[in-house]
Amino acid sequence: MHAEVTAAASAPSNDFFLARQPILGRDQHLVAFELLFRAAGEDDDAKLTDNAAATAAVISHASQLGMEQVVGEQLAFVNVDEVVLMSDFVRFLPPHKVILEILETVKPTRALLARVAELKELGFKFAVDDVVEYSPELDRLLALVDVIKVDVKVVPRENLARLADSLKGTGKKLLAEKVETLDEFRLCMDLGFEYFQGYYFARPVILTGKKITPSEMAVLRLLELVSSDADSQVIETAVKRDALISLNLLRLVNSRAAPGPQVESLSQALSQLGRRQLQRWLQILLYTTASGGAELASPLLQLATTRGKLLELMTLAVRPNDAASADRAFTVGIMSLADALFSIPMRDILDNVEVADDVRAALLHREGDFGTMLRIAELLEAAEGGCKLYNALRKLGLSVAKIREIELEAFDWVRELTHEAH
């Protein structure tokens with residue numbers, strides 16, 4: 001690490017946390033993550049820490065960690081202001097892994113445009129952020145950028161079609177950001193947007209009269225058997241009864257996330273996994289059977305498994321050596337999106353599966369330590385936090401630096417998990 005980056009990196013306080021927001025393509029697969037770095041303090045000033053020193057810290061962290069650990073095989077969108085663009089340390093980012101997102105505050109001066117052109121020569125790609133109208137400033141940047149991000153929360157619905165039309169004429173890829181509902185997503189799909197950022201895919205759309213399918217029910221029943229310490233033979237018989245579960249379980253066990261020689265038989269898989277791992281894989285399997293096939297790259301499963309791992313690691317930080325609590329925390333995280341997965345209310349799902357009281361309280365009411373941890377996971381995803389996040393962490397006795405370390409470990413684990421051997 002060069003001295004100027006390290007010097008710049010040591011200037012800001014260590015009280016910033018990392019938010020990683022998924023960006024999906026039209027086929028609903030992950031294509032990128034936007035990396036956001038927020039100040040976390042007692043005052044509610046969670047604005048983007050976009051001055052040179054903070055961004056240097058971010059770039060320094062990203063370089064030390066390796067972008068792969070933070071975003072896996074996906075690309076990373078990183079916000080840059082004028083100071084960062086003109087600086088040397090932007091060069092520490094790997095051009096093939098990042099898209100530099102030019103903030104709306106940046107003035108397209110002649111010097112700045114020349115710098116962007118120079119960085120393009122080095123292989124960097126650019127996006128322009130928070131576009132709400134077709135402005136002369138945008139026009140000056142257009143020749144140099146690859147992606148235009150439109151803030152669909154700010155642009156009135158009646159103007160969105162006109163704006164999308166005029167921007168499509170530029171030949172650039174359009175990204176809709178802050179897409180929070182399925183309706184907004186469908187509208188943006190119809191308007192020709194290529195990429196979508198926002199948590200519309202994790203919002204539960206409750207369908208009246210919808211039932212859990214037999215295959216999903218079978219996984220839930222198995223989860224009950226495992227958590228009630230049923231006899232191994234009973235569990236094995238139940239697994240064998242469902243061909244899809246058997247097949248997917250073998251696939252998961254033989255994925256790269258479970259090191260060791262190939263497992264040929266179910267009984268071998270079950271004995272190798274042990275109860276604890278079996279419970280995890282079944283929870284993950286819920287998402288893959290519901291989405292029709294073992295699709296480990298589904299954004300909903302990625303989000304659920306990230307939450308599960310975050311909560312597990314938080315619990316181990318707060319209650320070291322308490323593996324039973326850590327398992328329940330993992331359950332809270334992974335089950336927290338089950339209503340979005342099944343399109344039925346959380347209460348109905350919990351009527352079909354036996355869970356511990358503290359797990360139920362966390363899932364239904366965000367109560368108890370697990371409830372606080374789930375709120376922390378949600379605040380991190382939303383990249384809003386400041387005061388709320390700081391207070392929730394303080395309640396658990398966790399520092400901002402510790403939660404960042406936990407996040408990176410969770411991201412890494414999910415990356416390994418989704419690196420499934422096909």
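Position 1 is the first residue of the sequence; numbering continues from there.
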Participant: Is any side-chain heavy atom of Val332 closer than 4.5 Å to a side-chain heavy atom of Met373?
Facilitator: no
Participant: Do NZ/NE/NH1/NH2 and the carboxylate oxygens of Lys402 and Glu405 come within less than 4.0 Å?
Facilitator: yes
Participant: Without swapping roles, check the side chain of Asp146 against the backbone of Phe126 for a donor-acceptor pair under 3.5 Å.
Facilitator: yes
Participant: Can you give each donor-acceptor pair under 3.5 Å made by side-chain atoms of residues 346-355, sequence neighbours left out, with the distance rounded to 0.1 Å?
Facilitator:
| residue | atom | partner | partner atom | Å |
| --- | --- | --- | --- | --- |
| Asn352 | ND2 | Asp348 | O | 3.0 |

Participant: Are Glu312 and Arg280 close enough for a salt bridge, meaning some N to O gap below 4.0 Å?
Facilitator: yes
Participant: Taking side chain as C-beta onward, heavy atoms only, is Leu249 less than 4.5 Å from Leu270?
Facilitator: yes
Participant: Quick one: do Arg20 and Glu407 satisfy salt bridge (Lys or Arg N to Asp or Glu O under 4.0 Å)? Show the steps, please.
Facilitator: CA-CA 10 Å; Arg20 189 183 77 157; Glu407 275 185 284; over 6 Å; no
Participant: Give a yes or no on whether the backbone of Gly72 and the side-chain of Lys97 come within a donor-acceptor separation of less than 3.5 Å.
Facilitator: yes
Participant: Return a table of donor-acceptor pairs under 3.5 angstrom between the side chains of residues 152-163 and protein atoms on other chains or two or more places apart.
Facilitator:
| residue | atom | partner | partner atom | Å |
| --- | --- | --- | --- | --- |
| Lys153 | NZ | Glu184 | OE2 | 3.2 |

Participant: Is Gln21 reaching over with its side chain to a backbone N or O of Glu381, donor-acceptor style, under 3.5 angstrom?
Facilitator: yes
Participant: Could you work out, with ring pair (Phe, Tyr, Trp, His ring centres under 6.0 Å) as the rule, every residue matching Phe185, not counting sequence neighbours?
Facilitator: Phe196, Tyr200
Participant: Do Leu363 and Ser336 make a side-chain contact, defined as non-hydrogen atoms from C-beta onward lying under 4.5 Å apart?
Facilitator: yes
Participant: Got a sec, which residues hit ring pair (Phe, Tyr, Trp, His ring centres under 6.0 Å) with Phe370, two or more places apart in sequence or on another chain?
Facilitator: none
Participant: Between Lys168 and Lys173, is there a donor-acceptor pair closer than 3.5 Å when you use the side chain of the first and the backbone of the second?
Facilitator: no
Participant: Who passes side chain to side chain donor-acceptor pair (under 3.5 Å) against Arg26, sequence neighbours left out?
Facilitator: none
Participant: Check whether any side-chain N or O of Thr372 sits under 3.5 Å from a backbone N or O of Gly368 as a donor-acceptor pair, and report yes or no.
Facilitator: yes
Participant: Would you call Arg360 and Asp357 a salt bridge, taking side-chain N to carboxylate O under 4.0 Å as the test?
Facilitator: no
Participant: Any side-chain heavy atom of Leu303 sitting closer than 4.5 Å to one from Tyr287?
Facilitator: no
Participant: Compare all side-chain heavy atoms of Leu380 with those of Ile376 and state whether any distance is below 4.5 angstrom.
Facilitator: yes
Participant: Considering only heavy atoms from C-beta outward, does the side chain of Asp129 approach that of Phe77 to under 4.5 Å?
Facilitator: no
Participant: Looking at residues at least two apart in the chain, or sitting in another chain, which of them share a ring pair (Phe, Tyr, Trp, His ring centres under 6.0 Å) with Phe193?
Facilitator: none
Participant: Taking the side chain as every heavy atom from C-beta outward, state whether Leu285 and Leu222 have any atom pair closer than 4.5 Å.
Facilitator: no
Participant: Answer yes or no: is there a donor N or O on one side and an acceptor on the other, between the side chain of Thr170 and the main chain of Ser166, under 3.5 Å?
Facilitator: no
Participant: Set out, in order, the CA-CA distance, both residues' side-chain angles and the distance that settles salt bridge (Lys or Arg N to Asp or Glu O under 4.0 Å) for Asp322 and Arg328, then state yes or no.
Facilitator: CA-CA 10 Å; Asp322 188 349; Arg328 292 204 307 286; 5.6 Å; no
Participant: For the pair Lys172 (side chain) and Leu142 (backbone), establish whether a donor and an acceptor sit closer than 3.5 Å, ignoring hydrogens and angles.
Facilitator: yes
Participant: Do Val106 and Glu137 touch side chain to side chain, with heavy atoms closer than 4.5 Å?
Facilitator: no
Participant: Run the numbers on Lys149 and Glu34 for salt bridge (Lys or Arg N to Asp or Glu O under 4.0 Å), then give the verdict.
Facilitator: CA-CA 12 Å; Lys149 291 185 79 171; Glu34 177 168 6; 2.8 Å; yes
Participant: Hey, is the main chain of Phe342 close enough, under 3.5 Å, to the side chain of Lys210 for a donor-acceptor pair?
Facilitator: yes
Participant: Just by modelled atom types, is the Thr213 backbone N or O under 3.5 Å from a matching donor or acceptor in the Glu216 side chain?
Facilitator: yes
